[in-house]
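Lettering of chains follows the sequences in order, A, B, ..., and the numbering in each one begins at 1.
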There are 2 protein chains.
Amino acid sequence: MTGKVIAAELKRRGFKLTPQRRAIIEVISHSQEHLTPADIYAKLKSKHSGIGLVTVYRALDVLERSGMLCEVHIGDGCRSYLKRPGGHHHHLVCKGCGKVVDFSDCELDDLEQRVTKETGFRIDRHLLEFLGRCPQCQAGRREKS
Amino acid sequence: MTGKVIAAELKRRGFKLTPQRRAIIEVISHSQEHLTPADIYAKLKSKHSGIGLVTVYRALDVLERSGMLCEVHIGDGCRSYLKRPGGHHHHLVCKGCGKVVDFSDCELDDLEQRVTKETGFRIDRHLLEFLGRCPQCQAGRREKS
DNA sequence: TAATAGATGAAAATCATTTTCAATTAGGCT
DNA sequence: AGCCTAATTGAAAATGATTTTCATCTATTA
Ligand SMILES: [Mn+2]
Ligand SMILES: [Mn+2]
Ligand SMILES: [Zn+2]
Ligand SMILES: [Zn+2]
């Protein structure tokens, strides 16, 4: 969450906290929306230095593996969208405007146990996303930003 | 499911039932695994005529939109994998060998209602996938086919 | 059988993501 | 403060998946 925590976590994993990574974290943590690598690249190019799109990809990879980002799967053609941190939670995505709301308490334990019993699989994690329309999009028409 | 049903459904939507589409349906409905467009293309090229990869993509699009296929989202880099039909259900994916098992009765209604109440969203559908290891992969080591 | 909307396939175009590689730098250590 | 080195960066090229184009073909209906 805070810069301190992020810096510590990166260091713990042997990663360095570069200006580029700072900038990327900055952009993501200040955005309410989920951003594609290209989105982030665009936002950075306007203000920040001549950062490379490659670096964005690499930073996102590092940050994602360090548990500081989450991905949004549903949507157009299944690109990996990104969003800011948090504990275990899931996404509620608006089909109209693309807004993403987090929710937690997924309460899937019972279901996981049942499926485990039925299939013999050991379940490590789950992907759960709801797709619908936000209040604004239900009312007036709002286009995807 | 049956050829009749598929033909009828395609017709109902103004699509034609071509030999190529027959062949693709055939391949998918006889496979236990989820297949990429490239997989399907490969299987078809060996036996069937000189079908084009483009046609596979187009057929998959048509069949998916007609509700005859499902996609697998989790996995490597979030490509859209495909699998055979069924009613409303979800996927349990093995991280080891890639095997996909369907399960139903997701029982998400309560959760959906709670989230609806909390957020005001109208929820249309959900994406739920479990990721883990199948019995075989838990025992001996099995590589991704 | 003729008419036609829909379908096909090869090639080119797009688009996202990864790899390569030489140059730069953050962070640890004197 | 200065050095060392592994990590990082960025440009360009490579890769790979998916889509578009367009001329040709065909399944289906009348
Ligand atoms: Mn989130
Ligand atoms: Mn399925
Ligand atoms: Zn909305
Ligand atoms: Zn397995």
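In this entry the distance linking OH of A:Tyr57 with C1' of D:dT8 reads 18 Å, nearest Å. B:Lys11 has its NZ atom 18 Å from the P atom of C:dA5, to the nearest Å. Between the CD atom of A:Gln20 and the C1' atom of D:dG10 there is a distance of 9 Å, given to the nearest Å. To the nearest angstrom, P of C:dA26 lies 8 Å from NZ of A:Lys16. Residue A:Arg21 contributes atom CZ, which lies 11 Å from atom P of D:dG10 at whole-angstrom precision. Between the C1' atom of D:dA6 and the CG atom of A:Leu10 lies a distance of 16 Å, rounded to the nearest Å. Look at CG on B:Asp61: it is 12 Å from P on C:dT8, rounded to the nearest Å. Between B:Arg22 atom CZ and D:dT26 atom P the separation is 15 Å, expressed in whole Å.
Residue B:Ile51 has its side chain nearest to C:dG9 when only D:dT8, D:dA12, C:dG9 are considered.
Under 4.0 angstrom from either OP1 or OP2 of C:dG9 there lies at least one side-chain N or O belonging to B:Thr55. Here B:Thr18 does not reach the OP1 or OP2 of D:dT26: none of its side-chain N or O atoms lies under 4.0 Å away.
Side-chain contact between B:Ile40 and B:Leu35: present, with at least one pair of heavy atoms (C-beta onward) separated by less than 4.5 Å.
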Stepwise, does the ring pair (Phe, Tyr, Trp, His ring centres under 6.0 Å) test hold for B:Phe130 with B:Phe103?
CA-CA 10 Å; B:Phe130 287 155; B:Phe103 67 92; 5.1 Å; yes
Carefully, step by step, assess A:Asp61 and A:Arg65 under the rule salt bridge (charged side-chain N to carboxylate O under 4.0 Å, His left out).
CA-CA 6 Å; A:Asp61 181 53; A:Arg65 282 193 286 134; 3.1 Å; yes
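Each of B:Ala38 and A:Val56 lies near DNA chain D, and the nucleotide nearest A:Val56 is the one positioned closer to the 5' end. The nearest heavy atom of DNA chain C to B:Tyr41 and to B:Gly14 marks one nucleotide each, and the one closer to the 5' end goes with B:Gly14. Nearer to the 5' terminus of DNA chain D, by closest-nucleotide assignment, is the contact made by B:Leu53 (compared with the other of B:Leu53 and B:Pro19).
Between A:His91 and A:His34, the distance from one ring center to the other does not fall under 6.0 angstrom. Ring centroid separation for the pair A:His90 and B:His126 does not come in under the 6.0 Å cut-off.
Using a 4.0 Å heavy-atom criterion, one finds that A:Arg58 contacts the bases of the nucleic acid, with or without backbone contacts as well.
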